[in-house]
Protein chains: 2
Amino acid sequence: MTDRNALDTLQRYGIHPSVQRIAIMDYLLKHCTHPTVDEVYVALGKDIPTLSKTTVYNTLRLFAEHGAAQMLTIDEKKVCFDGVVTSHAHFMCKRCGRLMDVQLPGCFQECQPAEADFIVEETHLYYKGVCKSCAHKVNA
Amino acid sequence: MTDRNALDTLQRYGIHPSVQRIAIMDYLLKHCTHPTVDEVYVALGKDIPTLSKTTVYNTLRLFAEHGAAQMLTIDEKKVCFDGVVTSHAHFMCKRCGRLMDVQLPGCFQECQPAEADFIVEETHLYYKGVCKSCAHKVNA
DNA sequence: TATTTGCATTGTAAACAATACAAATTTATA
DNA sequence: TATAAATTTGTATTGTTTACAATGCAAATA
């Protein structure tokens, strides 16, 4: 039932389905690696040879606008996308560049900005550092 | 005492001073507007006509690497820099695009990732939404 | 005072991400 | 089926960032 899940997700967020949109959402749901536009484009290009990169850009942006995906700007080089939209934090390893999901700290619920001068729509929390497997490697 | 402060800051972070580096740090310390590379470049170009944009890129990156400045990737369009390196959060208004400092919520000290699989070097917390002055405007 | 050394700066070229836009295609609707 | 609307495609373009080679400059050494 591969794209059933994807189709459901699109409909749940009020996004008109199409072959491309289903494929992209399906990819997001199946690959929790926080892919970039290019990664999605290259991966899906095998199945959909006519796929245009512009479509991937537009579609992922559309997903983010509808709340069906999260746009992550943690790495300054490239924007990544996350199909998991429930609240969670991220960790980026400065050595290998990988982006990983992290559970939100328990205390986080109350962590809203002290000032009342803003209407908060999104909260982003992430860490940067060195992941375990990189820390184990000898070379600095 | 304009660049005295800047000079001190550079030395404190082990950065060799130079005319350009002092000027750029001085700008960062005086303008808490989270400027982009281009903003710094344009602003300082008046005083240092020979300044190269590459130098601004290199210098700000150098500052960030030495912990003398913070690199902010909140806006997916452009990287911003913050001369304030003490812990604080940010708020970005989706309408006007402004980036503002926000006090860290009191509970935040304990907010370290639950997993022990990472060596955390940086913690980033920010919010996106609508700022007060934009919320007051009539037009959506 | 010359020479050397090494880092900093400059400026151009190139890589790359992202967007704009118009044509082509597909889908929905009458 | 015809028509309109929405989506996709592909190219051209913009703009940011990096790579790199050449130059400048200042402190150290001869």
Side-chain angles (χ1 to χ4, degrees), chain A residues 3 6-7 10-11 13-27 34-66 68-81 94 97 99, chain B residues 3 6-7 9-11 13-27 34-66 68-69 71-81 94 97 99:
Chain A
D3 19 71
L7 180 61
L10 292 183
Q11 288 172 339
Y13 288 97
I15 297 168
H16 219 121
S18 75
V19 172
Q20 292 83 351
R21 288 173 180 180
I22 292 173
I24 293 172
M25 177 54 78
D26 188 54
Y27 186 88
H34 312 95
T36 62
V37 166
D38 197 63
E39 279 162 16
V40 174
Y41 172 67
V42 170
L44 295 185
K46 290 162 195 159
D47 295 322
I48 312 175
T50 64
L51 183 67
S52 163
K53 209 170 203 174
T54 303
T55 298
V56 182
Y57 271 102
N58 292 340
T59 303
L60 286 172
R61 136 109 43 102
L62 184 79
F63 288 178
E65 282 169 357
H66 284 248
Q70 252 189 83
M71 186 184 284
L72 303 177
T73 58
I74 298 172
D75 188 332
E76 83 257 23
K77 313 250 185 196
K78 52 192 176 155
V79 175
C80 298
F81 289 86
K94 288 180 180 179
L99 205 53
Chain B
D3 19 70
L7 179 61
T9 304
L10 293 183
Q11 289 172 339
Y13 288 97
I15 297 168
H16 270 229
S18 74
V19 173
Q20 291 84 349
R21 289 174 180 181
I22 291 172
I24 292 172
M25 179 52 80
D26 188 54
Y27 186 88
H34 312 95
T36 62
V37 166
D38 197 63
E39 278 162 19
V40 174
Y41 172 69
V42 170
L44 295 184
K46 289 162 195 158
D47 295 323
I48 313 176
T50 64
L51 184 67
S52 164
K53 207 171 201 174
T54 302
T55 298
V56 182
Y57 271 103
N58 292 340
T59 303
L60 286 172
R61 138 106 40 107
L62 184 79
F63 288 179
E65 281 169 357
H66 283 249
M71 185 184 283
L72 304 178
T73 58
I74 298 172
D75 189 333
E76 83 255 22
K77 314 252 185 196
K78 52 191 177 158
V79 175
C80 299
F81 289 86
K94 288 181 181 178
L99 204 53

* Select from B/His16 and A/Lys53 the residue whose nearest nucleotide in DNA chain C is closer to the 5' end of that strand. => B/His16

* To do: For residues A/Val40 and A/Phe81, determine if any side-chain heavy atom of one lies less than 4.5 Å from a side-chain heavy atom of the other.
  => no

* Asked: Within this structure, what is the CG-to-C1' distance between A/Leu72 and C/dA17, rounded to whole angstrom?
  -> 17 Å

* To do: Go through B/Asp38 and B/Lys53 one step at a time and tell me if the side chain to side chain contact (heavy atoms under 4.5 Å, CB included) criterion holds.
  => CA-CA 8 Å; B/Asp38 197 63; B/Lys53 207 171 201 174; 2.6 Å; yes

* Structure fact -> Against the side chain of B/Arg61, the closest entry in C/dT10, D/dT9, D/dT18 is D/dT18

* Which one, C/dT10, C/dA18, D/dT18, comes nearest to the side chain of A/Tyr57? -> C/dA18

* To do: Mind calculating the distance between CG (A/Leu60) and P (C/dT19) to the nearest angstrom?
  => 11 Å

* Asked: Of A/Val37 and A/Asn58, whose nearest nucleotide on DNA chain C comes first from the 5' end?
  -> A/Val37

* **Protein-nucleotide distance (B/Ile22, atom CD1; C/dA8, atom P), rounded to Å** => 13 Å

* To do: Check the distance between C/dA18's P and A/Tyr41's OH and give it to me in whole angstrom.
  => 15 Å

* Asked: Using a cut-off of less than 4.0 Å, is there contact between a side-chain N or O of B/Ser52 and OP1 or OP2 of C/dT9?
  -> no

* Using a heavy-atom cut-off of under 4.0 Å over every strand shown, decide if A/Thr54 touches base, sugar-phosphate, or nothing. => base

* Asked: Can a side chain N or O of A/Arg21 be found less than 4.0 Å away from OP1 or OP2 on D/dT8?
  -> yes

* Any side-chain heavy-atom pair from A/Tyr41 and A/Thr36 closer than 4.5 angstrom? -> no

* Using atom CG of B/Leu51 as one end and atom C1' of D/dG24 as the other, report the distance to the nearest whole Å. => 15 Å

* Would you mind reading off the distance between B/Met71 atom CE and D/dT17 atom C1', rounded to a whole angstrom? => 11 Å

* Between CE on residue A/Met71 and CD on residue A/Glu65, distance to nearest 0.5 Å -> 7.5 Å

* Report the C-alpha distance between B/Val56 and B/Ile24 in whole Å, list the side-chain angles of each, state the deciding distance to 0.1 Å, and finish with yes or no for side chain to side chain contact (heavy atoms under 4.5 Å, CB included). => CA-CA 8 Å; B/Val56 182; B/Ile24 292 172; 4.3 Å; yes

* To do: Using a heavy-atom cut-off of under 4.0 Å over every strand shown, decide if B/Val79 touches base, sugar-phosphate, or nothing.
  => sugar-phosphate

* Asked: Base, sugar-phosphate, or nothing for A/Glu76, non-hydrogen atoms under 4.0 angstrom?
  -> nothing

* Asked: Atom CD1 of B/Ile48 and atom P of D/dG24: how far apart are they, to the nearest Å?
  -> 18 Å

* **Under 4.0 angstrom between A/Gln20 side-chain N/O and C/dT26 OP1 or OP2** => no

* **Contact under 4.0 Å: B/Ser18 side-chain N or O vs C/dT9 OP1/OP2** => yes

* Go through the N and O atoms of the side chain of A/Thr36 and the base of C/dA17, and report whether any donor-acceptor pair is under 3.5 Å. => no

* To the nearest angstrom, how far is A/Leu10 atom CG from D/dT7 atom C1'? -> 14 Å

